[in-house]
Amino acid sequence: MKQKIQQIKEQFNEEISKISDLVKLAELEIRYLGRKAGELTQILRGLKTVPADQKKEIGQLANQLKQEMVEKIETAKKVIKGQAISSDWLDVTLPGVQWPQGHLHLVTQAISEITEIFEHVGFVRRRYPEVEWDFYAFESLNMPPDHPARDEWETFFIDPKPVGPKGQRVLTPHTSSGQVREMERKHLPIRMINISKCYRRQIDVSHAPMFHQFEGLLIDKDVTIAHLKGTLDYFAKQFFGPDRKARIRPFHFQFTEPSFEVDVSCGLCGGKGCKMCKAGWLELGGAGMVHPNVLKAGGIDPKKYSGFAFGWGVERTYMMKAGLSIPDIRMLYQSDLRFLNQF
Ligand code: DAH
């Protein structure tokens, strides 16, 4: 009887190893374990006739084999259905699981790129408060309380009235608020690039209530408009491409004298004029020579020192580089991966 059980076992193992479909597997199950005529079932039934001294051993062998067969049939079912989960089996030749890889947000990428460009020519990255005093956002920038020029900045006020010598707290509407803060550090000469979040009460395709600006400030002896123009050209070529140029147009800001609006030649038409640009130029933002009153507010003698400043939107500048692919600034902040994954 023992021999018979061993024989059944070997035969079963050989057969099951060749099976690769569920029908054949079901047939095999019936052949060995079928209730009426299964080969092992018959052995189990025949246990009654086994002499008493062998009953225990043979009974154990047969039941063990039944258990083994049931398990092997179950495993084979899973393998055939493609569901095999084996903890001790690993096919190292299979390709690994590829997890989706993210990337830095476009604005973060733009900020790193801008920082690097200015660091190459000696500017130092700074960040100044987003919750700012009226004094730094306006008054020190030659805009006394109630000056009409303040209206331009669509400011969010935190305090309804002044709460100290520096006035009300505001959400800074521009990075120019870092100019006098930088001067107060009393490290001359100054070459700062202040990149921070700014806030304004505005929302449309080209304006978001929260956005970023980068502000350059250079203060030294004998600084001229030529230095400003050279820096702007350098940035235009580094950021937009070697064939791009910058130009300055007269404008007015309270905190610079003279003041300019800066344009970059259009990359789409190469400066000829197209529907993307205004006669071959794209508007970047403001710049100018730091007003003597601003230097005085920062404790710097305007007779000894002079400087230039510029301040532009990070998103706007980046969108000008990306061209038509970002039609609405708000798309940058909707966290829609279908949009973000394109970059
Ligand atoms: N702060 C201005 C704005 O937000 C931009 C600006 C203009 C910054 C002229 C400057 C500057 O530094 O010189 O609109």
Side-chain angles (χ1 to χ4, degrees), residues 114 118 123-130 132-143 147-156 170-183 190-202 204 206-220 223-232 235 246-264 282-298 300 302 305-318 320 329:
I114 293 164
F118 284 105
F123 284 73
V124 177
R125 169 85 198 267
R126 294 267 184 252
R127 291 184 73 163
Y128 285 112
E130 290 170 27
E132 185 54 286
W133 294 110
D134 175 298
F135 175 77
Y136 294 109
F138 296 114
E139 207 169 333
S140 68
L141 297 174
N142 202 26
M143 287 184 271
H147 194 287
R150 290 176 171 224
D151 280 0
E152 289 272 313
W153 279 274
E154 310 265 15
T155 311
F156 288 110
V170 301
L171 291 184
T172 198
H174 57 172
T175 43
S176 302
S177 54
Q179 289 194 13
V180 166
R181 280 192 177 272
E182 180 69 15
M183 294 177 200
I190 290 171
R191 272 198 189 122
M192 115 173 152
I193 186 83
N194 171 29
I195 313 184
S196 306
K197 288 195 180 79
C198 302
Y199 304 83
R200 289 188 201 176
R201 288 183 287 110
Q202 54 183 20
D204 61 41
S206 51
H207 297 94
M210 186 283 295
F211 60 102
H212 298 74
Q213 280 193 341
F214 59 111
E215 180 97 8
L217 177 70
L218 185 142
I219 312 254
D220 206 339
V223 180
T224 69
I225 297 174
H227 296 117
L228 169 63
K229 183 64 177 30
T231 309
L232 299 176
F235 177 74
R247 77 168 180 190
I248 50 177
R249 275 182 291 118
F251 202 72
H252 173 261
F253 292 104
Q254 279 295 111
F255 37 94
T256 40
E257 185 56 40
S259 303
F260 309 104
E261 202 71 275
V262 181
D263 298 334
V264 179
L282 297 159
E283 211 178 289
L284 204 58
M289 302 307 288
V290 180
H291 196 289
N293 287 352
V294 177
L295 291 171
K296 278 188 217 153
I300 295 173
Y305 284 91
S306 55
F308 66 72
F310 55 85
W312 309 323
V314 172
E315 289 84 347
R316 203 185 136 67
T317 308
Y318 186 80
M320 278 167 56
I329 191 171

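All ligand and atom numbering here is 1-based and tracks the order in the structure. For the numbers below, each heavy atom of this structure counts, side chains included, while hydrogens, waters and symmetry mates do not.
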A side-chain contact here means heavy atoms from C-beta on lying under 4.5 Å apart; do Leu217 and Asn194 qualify?
no
Quick note on ligand 1: atoms under 4.0 Å from a heavy atom of Gln213 include exactly 3 (C), 4 (O)
If we number the atoms of ligand 1 from 1 as shown, the ones under 4.0 Å from a heavy atom of Ala309 are 12 (O), 13 (O)
Pick one of side chain, backbone, both or neither for how Phe255 approaches ligand 1, counting any non-hydrogen atom pair under 4.0 Å.
side chain
On a heavy-atom basis, I'd like to know which of Arg200, His291, Glu152 is closest to atom 4 (O) of ligand 1.
Arg200
Ring centers of Phe235, Phe214 separated by less than 6.0 Å
yes
For ligand 1, which atoms sit closer than 4.0 Å to a heavy atom of Thr256?
13 (O)
Trp153 neighbourhood, listing ligand 1 atoms whose heavy-atom distance to it stays under 4.0 Å:
3 (C), 4 (O), 14 (O)
When you measure from atom 8 (C) of ligand 1 to every protein heavy atom, which one gives the shortest distance, and what is it?
Gly311 N, 3.3 Å
Counting C-beta onward and ignoring hydrogens, is there a side-chain heavy-atom pair between Phe211 and Arg316 closer than 4.5 Å?
no
So which atom in Ala149 and which in Met143 form the shortest heavy-atom distance, rounded to 0.1 Å?
CB-SD, 4.0 Å
Answer yes or no: are there more than 12 heavy-atom neighbours, outside Glu152 itself, under 6.0 Å from its atom CD?
no
So for Gly285, does at least one of its heavy atoms come nearer than 4.0 angstrom to any atom of ligand 1?
no
Closest to atom 12 (O) of ligand 1 among protein heavy atoms sits Glu215 OE2, 2.7 Å
For Gly311 and Glu215, which heavy atoms make the closest approach, and how far apart are they?
CA-OE1, 3.6 Å
So which bit of Phe308 gets within less than 4.0 Å of ligand 1, heavy atoms only: side chain, backbone, both or neither?
neither
In ligand 1, which numbered atoms sit nearer than 4.0 Å to a non-hydrogen atom of Gly288?
13 (O)
When you check the gap from the basic side-chain N to the acidic O, do Arg249 and Glu283 get nearer than 4.0 Å?
yes
Which atoms of ligand 1 have any heavy atom of Gln179 under 4.0 Å away?
12 (O)
Can you tell me how the ring of Phe308 sits relative to the ring of Phe310, calling it parallel under 30°, perpendicular over 60° and tilted otherwise?
parallel
